[in-house]
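Take a look at the structure set out below.
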Amino acid sequence: MTATRQARTSTTAAHPQGVVPTAADSKEPALKIHPAADIFPMLDPDELLDLAESIKTDGLHKDIVLDTDGVLLDGRNRLAACEIARVKPRFTTYTGDNPRALIFSNNVVRRHLTKGQQAMITAMACSFSGHSLRGLAKTHGLSRTRLSAANVVLQYSPDLAEQVRIGAFPLDAAYDIAREHKAQAEALQEKRDRLTENAPDLAKQVTEGHLTLDEAIAVLEERQEDNRIRKQIADADELRLADGHTTPPLAQLAERGDITWHHAHQRAEEFLAHRQEAIEQARHSLQLIAENWTAVQGLAAKPDTQLTRDVLGGLIPEVRLLAQRLITQD
């Protein structure tokens with residue numbers, strides 16, 4: 001800091017969102033405000049009047065800080081209170097190389113800011129300063145959970161972020177709303193990504209305004225369903241051919257108009273269901289044979305005994321023929 005000096009004015013008005021009394025002598029002087037300092041809200045009118053009364057009684061305890069160009073870095077409330085109290089303010093010049101750090105360290109833990117305001121202001125500061133939320137949270141002892149919530153509000157509900165900043169809306173309530181906005185934004189992005197990946201032509205039509213996003217998604221889903229049906233028909237045709245069927249493929253019948261694609265799909269599903277049922281029945285039958293193979297081997301060991309004849313005699317002709325083949329095979 002350098003020695004105390006008088007204020008220099010510029011053509012830019014002070015913080016336009018500062019809340020000060022309506023009396024003419026309560027206005028801030030026309031000093032340009034550093035954008036980082038502009039994030040911090042002014043005291044409310046009653047608090048500002050209390051500060052003015054304190055300055056009038058006890059004097060200004062802390063100088064107002066300007067940079068070398070006369071831009072106000074710290075002390076907007078003190079400056080406004082001096083005007084109200086009609087006390088001549090004192091100024092000092094900051095000559096360091098990190099004015100944002102000065103502004104932030106002097107303001108983020110001010111008593112009249114709620115925890116939600118502190119978190120939001122920190123998130124806003126990070127958005128243009130390049131600092132990390134984690135670093136600032138550690139430096140100033142702020143809750144990382146609250147900072148994360150503020151960042152979500154800043155990204156997805158910037159109008160509410162401003163209300164949180166000035167203390168007009170609680171951070172927790174803003175976060176609940178912002179989370180809904182985030183979910184909606186992510187759902188929209190998922191649809192856009194889906195179109196870009198699977199249907200670039202539809203994505204282009206959305207970009208050009210020929211289709212809405214939902215209309216394009218509906219067209220894509222129709223395409224994908226049609227492709228799924230045709231693939232299922234093709235898979236059924238391939239299995240029918242492998243199983244020895246000689247009738248024309250279902251896809252061929254549909255393509256030449258003998259049946260509809262819907263009918264072809266229906267027949268394909270019926271074939272696949274019946275085929276799976278036949279597989280399960282055959283597996284079950286073979287399992288039963290395997291479980292009782294010892295009995296078959298016992299009969300095969302003595303095919304000409306009365307026991308074997310009695311066993312075979314109680315079977316229906318089809319089963320007796322199968323049993324005879326099994327117990328007499330080499």
Side-chain angles (χ1 to χ4, degrees), residues 1-20 27-43 48 51 55 59-83 87-144 146-155 158 161-162 164-167:
M1 302 286 185
T2 63
T4 301
R5 66 180 178 80
Q6 293 300 315
R8 290 185 294 168
T9 60
S10 70
T11 57
T12 304
H15 185 10
Q17 296 167 343
V19 181
V20 296
K27 295 180 180 178
E28 295 181 52
L31 281 173
K32 185 175 181 181
I33 308 300
H34 191 284
D38 203 40
I39 295 176
F40 294 89
M42 294 285 287
L43 294 172
L48 196 56
L51 179 58
I55 290 174
L60 181 62
H61 295 296
K62 186 177 180 181
D63 291 353
I64 297 157
V65 184
L66 310 177
D67 68 9
T68 54
D69 294 321
V71 176
L72 191 147
L73 302 180
D74 181 55
R76 285 178 305 144
N77 286 305
R78 299 193 298 276
L79 182 59
C82 284
E83 288 293 304
V87 172
K88 189 174 183 179
R90 297 192 314 274
F91 299 88
T92 190
T93 301
Y94 173 74
T95 57
D97 59 1
N98 194 349
R100 285 191 174 91
L102 171 76
I103 294 167
F104 200 83
S105 62
N106 284 355
N107 288 278
V108 74
V109 292
R110 292 188 316 193
R111 288 183 213 170
H112 77 281
L113 294 178
T114 67
K115 296 295 185 181
Q117 284 179 282
Q118 289 179 10
M120 182 55 66
I121 289 168
T122 302
M124 288 178 169
C126 286
S127 69
F128 65 79
S129 70
H131 292 96
S132 69
L133 285 175
R134 178 179 297 182
L136 288 176
K138 183 177 180 179
T139 300
H140 299 285
L142 301 174
S143 164
R144 287 175 58 183
R146 193 175 282 116
L147 282 173
S148 178
N151 199 45
V152 171
V153 176
L154 184 60
Q155 286 184 274
E162 174 60 17
V164 173
R165 182 189 73 82
I166 64 176

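For this chain, numbers begin at 1 and follow the sequence in order.
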Give me the atom names and distance for the closest heavy-atom approach of [X] to [Y].
X    : Y    : result
K115 : R146 : O-CD, 3.3 Å
P41  : I166 : CB-CA, 4.1 Å
V71  : I33  : CG1-C, 3.8 Å
G116 : V164 : O-CG1, 3.7 Å
I64  : G75  : CG1-O, 3.8 Å
N77  : L43  : OD1-N, 2.9 Å

Hey, does the side chain of [X] reach the backbone of [Y] with a donor-acceptor pair shorter than 3.5 angstrom?
X    : Y    : result
D67  : D69  : yes
S148 : R144 : no
R76  : A37  : yes
R165 : M120 : no

Between [atom1] of [X] and [atom2] of [Y], what distance do you get to the nearest 0.5 Å?
X    : Y    : atom1 : atom2 : answer
D63  : F91  : CG    : CZ    : 9.5 Å
L72  : K32  : CG    : NZ    : 12.0 Å
L73  : R100 : CG    : CZ    : 10.5 Å
L113 : I121 : CG    : CD1   : 4.5 Å
H34  : F40  : NE2   : CZ    : 11.5 Å
E162 : L154 : CD    : CG    : 10.0 Å

